[in-house]
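What you see is a predicted model; the values in this text were computed from it and never measured. In what follows, chains carry the letters A, B, and so on, assigned in the order in which the sequence lines appear, proteins first and then strands, with residues in each chain numbered from 1.
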Amino acid sequence: MGAYNPQKIEPKWQKFWEKNRQLCEVEEKSKKPKFYCLSMFPYPSGEGLHVGHVESYTATDIYARTKRMQGFNVLFPMGWDAFGLPAENYAIKIKTHPADSTKKSIFKFKNQIKSLGLSYDWSREINSSDEEYYKWTQWFFLLLYKRGLAYKKKAKANWCPHCQTTLANEQVVNGRCERCETEVFQKNLDQWFFRITKYADSLLEDLNLVDWPENLKEIQRNWIGRSQGMEIVFDLKKIRKTDEKFLDNSKFNNLEIALALKKYPTVAKIKVFTTRPDTLSGSTFMVLAPDGIATKKLEKYISNKSQLKAYQLSATKKNELQRTEFNRDKSGIALQGLVAVNPINGKPISLWAADYVMGDYGSGAIMAVPAHDSRDFEFAFRHNLPIERVIYQEERSLAFLNLSFIQNPKEVITELKKFNLYSLLLDDKGFKVELYKSSSSLPYGLIVEMKNEQEVTEYINLIQAQLKKIFWSEIVGGKYWQFVFSEKVLKDNSEENLAEIQKKLKKALKVLKRRKSFDPRTALLEKAIRRKFFFSDYVGWTIPAGLFRDYVCYAGKKGRLFNSTFLDGMSVEKGWQSMADWLVERNLGRRVKNYHLRDWLVSRQRYWGAPIPMIYCEKCGLVPVPEKDLPVRLPAKVDFVPTGESPLKNLKSFSKTTCPKCGGEAERETDTMDTFVCSSWYFFRYCDPKNEKEFASQERIRRLMPVNLYIGGVEHAVLHLLYSRFFTKVLQEAGYVDFSEPFLKVRNQGIILGPDHNKMSKSKGNVINPDEIVNKLGADTLRIYEMFMGPLEEMKPWDTKGISGARRFLEKIWQLQEKVQKEAPDFEDRMSTKDSQDDLKAKKLLHQTIQKVSRDIENLAFNTAISQMMILINAWKNLVKISVIDFEFFLKILAPFAPHLVEEIWQNLEHKKSIFEEEWPRPIEEFLKNKDVLVAVQINGKKRGTITLPVEISENEVRETVLNLPPLKKFLEGKLIRRWVYIPGKIINLVVN
RNA sequence: GCCGUGGUGGCGAAAUUGGUAGACGCGCUAGGCUUAGGACCUAGUGUUAUUUUGAUAACUUGGGAGUUCGAGUCUCCCCCACGGCACCA
């Protein structure tokens with residue numbers, strides 16, 4: 001038998017499987033149920049395989065092998081995502097043609113994959129850069145074009161200066177190129193797009209049909225970003241300069257203003273998108289994106305055009321990064337000459353242009369509700385605009401209690417607790433009354449939260465009695481702003497005093513404004529100054545900004561509306577609908593949806609990709625290449641060093657062609673397609689990889705699709721996985737397939753970190769090379785270890801020492817061969833009572849293991865499957881002999897995990913055929929049952945011992961046994977048994993005292 | 001900020017419907033084998049306290065409350081980590 005030598009046996013079995021291809025291939029005509037098991041096809045990089053590949057490939061391999069043994073007709077293919085930028089950049093780096101370097105990389109990759117013993121069906125291997133493949137990629141382009149889903153548009157596109165090409169939105173991460181992290185900027189270009197937005201709703205809703213990880217679904221939902229809201233139409237009035245005073249809310253009452261506005265004719269209308277029509281009454285101004293359509297449309301009415309132009313210019317200079325990250329100062333300018341009218345209350349709404357509103361979302365204009373939207377709030381604060389609250393929290397009233405206003409803080413706190421007023425302390429130390437005496441600058445006060453009117457009343461009674469003489473507390477229903485007044489301030493209404501206080505407040509405001517971060521208290525102070533509505537200068541200072549802002553800007557579900565005419569008293573949800581109905585009835589608005597998802601930009605100005613099959617003819621315009629002329633071949637002899645334009649552009653032999661319609665001179669489109677177009681349909685090709693007439697025959701698609709299990713990385717969440725779903729929906733609509741989702745079950749393998757718990761990277765020197773592991777310890781060890789590390793989907797670090805445990809496990813199994821009793825006793829014998837106790841135990845454990853391993857594989861819980869097999873092996877190791885039948889049972893469940901080792905042992909047991917032709921074992925019920933169970937005994941919920949009880953025992957018998965248990969005597973002596981809980985097979989709990 | 005996922009020994013992690021927390025592996029400790037080291041084998045290993053050395057008790061699943069005979073698991077509040085979206089109205 002010799003020692004376990006994976007270096008010798010692994011290549012042997014790999015060759016065997018290659019020769020016996022039927023072991024891995026899907027059967028053409030089969031009555032078995034099909035199972036399509038897939039891992040994402042790799043981009044064959046020059047660097048070769050990494051441990052993350054091994055993780056997902058091993059997981060799918062174990063699953064595929066198991067499914068085959070369980071009688072499924074399994075499709076388990078592999079191929080190469082060979083087109084694309086990285087391959088091209090690598091080729092440029094090593095100064096070869098990408099076709100050659102890719103070929104080499106694939107060769108290397110394939111050898112590495114083969115050394116892992118993966119049971120791929122290599123007869124279905126595909127390569128997206130092969131003519132026979134990209135012919136169909138081009139066919140898909142034409143399909144989309146014919147269906148009006150591919151269009152060319154001059155538009156702002158993401159441009160990566162380093163990669164010298166345009167990028168899809170999905171390939172821009174935080175304003176940077178997904179690949180090289182160069183800052184992306186906007187360039188006006190004529191580009192091809194796929195109309196993925198047409199499918200936004202079904203892409204969103206069909207997520208409910210599939211079994212995908214929740215976070216993955218969530219990423220896609222976020223990306224699609226649907227928000228339901230309303231488009232509301234506002235009348236715009238041209239107003240004379242002299243009448244602009246009417247816009248000042250503080251001087252005129254609402255009726256006056258409304259009447260004044262009526263005089264003016266409506267000169268234009270403006271549409272805005274909002275998700276909160278219920279807050280319409282609180283809208284006090286309107287903001288237009290400086291570069292939006294709305295602004296352009298209204299330009300002619302605006303009297304300060306030059307100021308607008310200047311602002312537009314400064315806004316366009318800022319790139320995306322500056323707009324979002326560095327420019328939160330809410331710049332903007334007022335647009336003069338026009339005023340909008342709030343349709344619900346006739347109040348004037350001033351118009352502003354500001355770059356915090358996006359031109360390409362909704363209509364590029366918003367109704368600002370500063371009291372209930374933090375961005376509008378900031379803008380209103382910055383530009384001194386009115387803030388009108390229309391929502392209060394019905395279940396929550398908040399008061400701030402400055403302890404220095406209180407005569408006896410300790411007593412008040414105790415009282416507050418007694419009244420069950422939930423008090424949130426600003427700081428732990430705030431409870432300590434000493435602090436208020438100290439000169440520490442820490443806040444010393446309480447935020448008191450009241451849940452209902454009764455509590456508010458209790459609070460008022462309590463606090464007013466406790467306040468120091470000069471203070472008065474004015475509380476604080478959900479509707480009110482103010483907190484504590486100084487009586488002194490209120491009583492002394494003399495001009496001097498007011499001026500004095502105004503000065504103080506202004507100074508305070510200045511200090512606040514100087515701070516870098518925005519502080520909502522500033523708005524309070526502003527309002528106080530403007531309205532001569534005074535607060536004690538203490539108050540604003542000691543309220544935590546975040547809490548206060550949440551309170552004021554509250555817009556949540558528990559809110560009720562006020563100051564909102566007919567919506568008053570309604571919940572926000574009801575108000576939403578009522579307002580929507582009201583607006584729809586009067587033709588002032590309609591319910592609409594908006595999306596974050598944009599159309600997919602597919603043009604690339606690079607060489608290594610599938611050419612876009614379109615022709616430009618002087619006479620006929622845009623003409624698609626006829627299907628019979630496909631593929632449009634990618635010429636081999638091209639100088640492909642990137643220049644910012646397609647390298648094919650100056651290659652006359654490529655670009656010059658004749659028009660398929662009129663036969664006249666014409667030019668080809670020279671851009672190539674985004675490589676994600678190639679990968680959006682590859683899983684269809686596996687079904688029928690050699691088909692020359694179709695991308696795959698409908699019959700085969702019907703037989704093999706959709707993919708039942710798909711394993712790959714999350715990084716493709718809004719790229720490959722989204723695009724593939726889009727393609728599938730197009731195919732469904734075009735009648736090629738009869739399902740809407742390509743991947744029924746998706747799982748993401750977790751990232752494997754380096755031994756130092758950091759992400760593996762060359763620069764950190766913590767990269768584990770799977771080749772080295774295979775050479776040193778064997779592929780089976782690597783497979784077992786990676787599967788044993790932890791749950792498939794979790795991120796987990798590599799443990800250099802931990803892998804020896806996997807090897808040891810396999811060694812132990814190898815050693816076990818010596819104990820196998822070759823001459824098998826027949827079944828009757830095995831079931832006979834002659835079996836020793838040990839033997840019976842071993843069998844029981846075996847069948848439990850079969851049960852658990854089968855279940856765990858189904859759940860992709862490979863780590864626990866392996867641990868269960870380890871338990872079995874540790875027990876068997878102590879046996880003198882093992883029956884060959886039992887051992888073979890075990891080998892079958894181990895086979896998917898360590899296929900080489902198992903095949904070798906199987907052969908040693910004098911089997912001629914592969915173990916993978918065997919059927920997956922079922923546990924024998926007889927051995928899963930137990931006569932006795934171990935039950936824990938608790939007294940008052942604490943474990944005090946265990947007891948072995950027969951399964952078939954009456955509760956009374958149990959009770960008798962337990963009460964006479966010697967170790968329990970001391971806990972029960974002199975005690976009364978109040979309660980007796982017996983859960984058969986699990987636990988006994990005695991409640992005594 | 002909004003949304004999602006998660007938080008259990010020295011480390012990776014187990015734990016069906018609420019029912020003996022820490023399986024399995026690594027590491028560590030002691031012993032055996034060995035010239036030595038490795039490899040291998042045997043036993044032990046959550047923390048703390050007491051201890052007559054046999055053990056006994058208390059504590060323990062991010063923190064706090066609650067439901068229950070019983071909570072890692074259920075409910076509420078809070079904290080932290082990772083991931084997604086983000087002036088998206």
Side-chain angles (χ1 to χ4, degrees), chain A residues 173-174 213-227 229 272-276 279 283 287 289 323-325 327-330 354-358 360-369 372-376 378-379 422 424 546 549-550 553 594-596 714 717-718 748 750-751 755 757 784-785 788-791 793-806 808-809 811 852 855 861 863-871 873-874 877 934-947 978-992:
Chain A
V173 179
N174 292 329
E214 192 48 44
N215 64 322
L216 184 57
K217 288 187 181 183
E218 200 55 31
I219 291 170
Q220 290 210 352
R221 283 190 201 114
N222 280 341
W223 189 257
I224 295 163
R226 180 166 80 184
S227 50
V272 301
F273 175 71
T274 179
T275 54
R276 295 301 300 268
T279 61
S283 177
V287 186
R323 263 181 84 143
T324 54
E325 277 174 37
N327 186 35
R328 287 187 172 263
D329 66 348
K330 295 281 184 296
D355 64 0
Y356 84 91
V357 172
M358 308 285 99
D360 59 355
Y361 188 78
S363 58
I366 62 154
M367 60 173 230
V369 184
H372 302 291
D373 179 285
S374 54
R375 294 153 309 187
D376 297 343
E378 285 167 33
F379 190 81
Y422 172 53
L424 266 168
R549 179 209 196 122
D550 286 352
C553 278
N594 249 307
Y595 302 88
H596 169 257
V714 240
V718 292
N748 302 121
I751 298 170
H757 288 59
I784 292 279
Y785 176 62
F788 183 64
M789 285 169 83
E793 305 201 61
E794 225 98 300
M795 186 188 282
K796 42 209 175 279
W798 187 274
D799 183 352
T800 322
K801 284 183 178 153
I803 192 163
S804 59
R808 238 170 264 158
F809 169 59
E811 294 270 6
K852 178 153 176 64
R855 202 163 50 201
N863 53 333
T864 49
I866 293 169
S867 94
Q868 180 63 36
M869 290 192 279
M870 285 173 168
I871 292 169
I873 292 308
N874 288 344
K877 214 175 49 177
L934 196 65
V935 173
V937 183
Q938 294 183 338
I939 289 169
N940 288 341
K942 275 185 186 141
K943 188 184 149 196
R944 296 297 179 191
T946 56
I947 179 174
R978 297 242 171 237
R979 193 163 172 172
W980 160 264
V981 180
Y982 171 55
I983 311 294
K986 299 240 158 120
I987 208 153
I988 294 155
N989 192 9
L990 299 171
V991 183
V992 303

Fill in: Pairing pattern in dot-bracket form [Watson-Crick, G-U; both distances under 3.5 Å; | = partner strand] for RNA chain B
(((((((..(((......[....)))((((((.......))))))(((((....)))))..(((((..]....))))))))))))....

Would you mind reading off the distance between [X] atom [atom1] and [N] atom [atom2], rounded to a whole angstrom?
{"X": "A:M795", "N": "B:A13", "atom1": "CE", "atom2": "P", "result": "11 Å"}
{"X": "A:K942", "N": "B:G70", "atom1": "NZ", "atom2": "C1'", "result": "12 Å"}
{"X": "A:M789", "N": "B:C11", "atom1": "CE", "atom2": "C1'", "result": "12 Å"}

Worksheet item: Do A:L990 and A:N940 come within less than 4.5 Å of each other through their side chains, counting heavy atoms only?
Response: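 SC-SC contact between A:L990 and A:N940 ruled out.
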
Worksheet, complete the sentence: In B/S/- notation (B base, S sugar-phosphate only, - none; protein heavy atoms under 4.0 Å), nucleotides 19-24 of chain B written 5' to 3' is BB--BB

Practice prompt. Give a yes/no on whether any side-chain N or O of A:H596 is located under 4.0 angstrom from OP1 or OP2 of B:A86.
Written response: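 Yes, within the criterion.
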
Item to complete: Please determine if a side-chain N or O atom of A:Y785 lies less than 4.0 Å away from the OP1 or OP2 oxygen of B:G25.
Response: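 For B:G25, OP1/OP2 do not have a side-chain N/O of A:Y785 under 4.0 Å.
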
Base, sugar-phosphate or nothing for [X]? Non-hydrogen atoms, less than 4.0 Å.
{"X": "A:K852", "result": "nothing"}
{"X": "A:W980", "result": "nothing"}
{"X": "A:P213", "result": "nothing"}

Please list, pair by pair, any protein nitrogen or oxygen found under 3.5 Å from a nitrogen or oxygen in nucleotides 41-50 of chain B.
none

Worksheet item: Nearest heavy-atom pair of A:I784 and A:A806: which atoms, and what distance?
Response: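 For A:I784 versus A:A806, the nearest heavy atoms are CG2-CB, 3.8 Å.
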
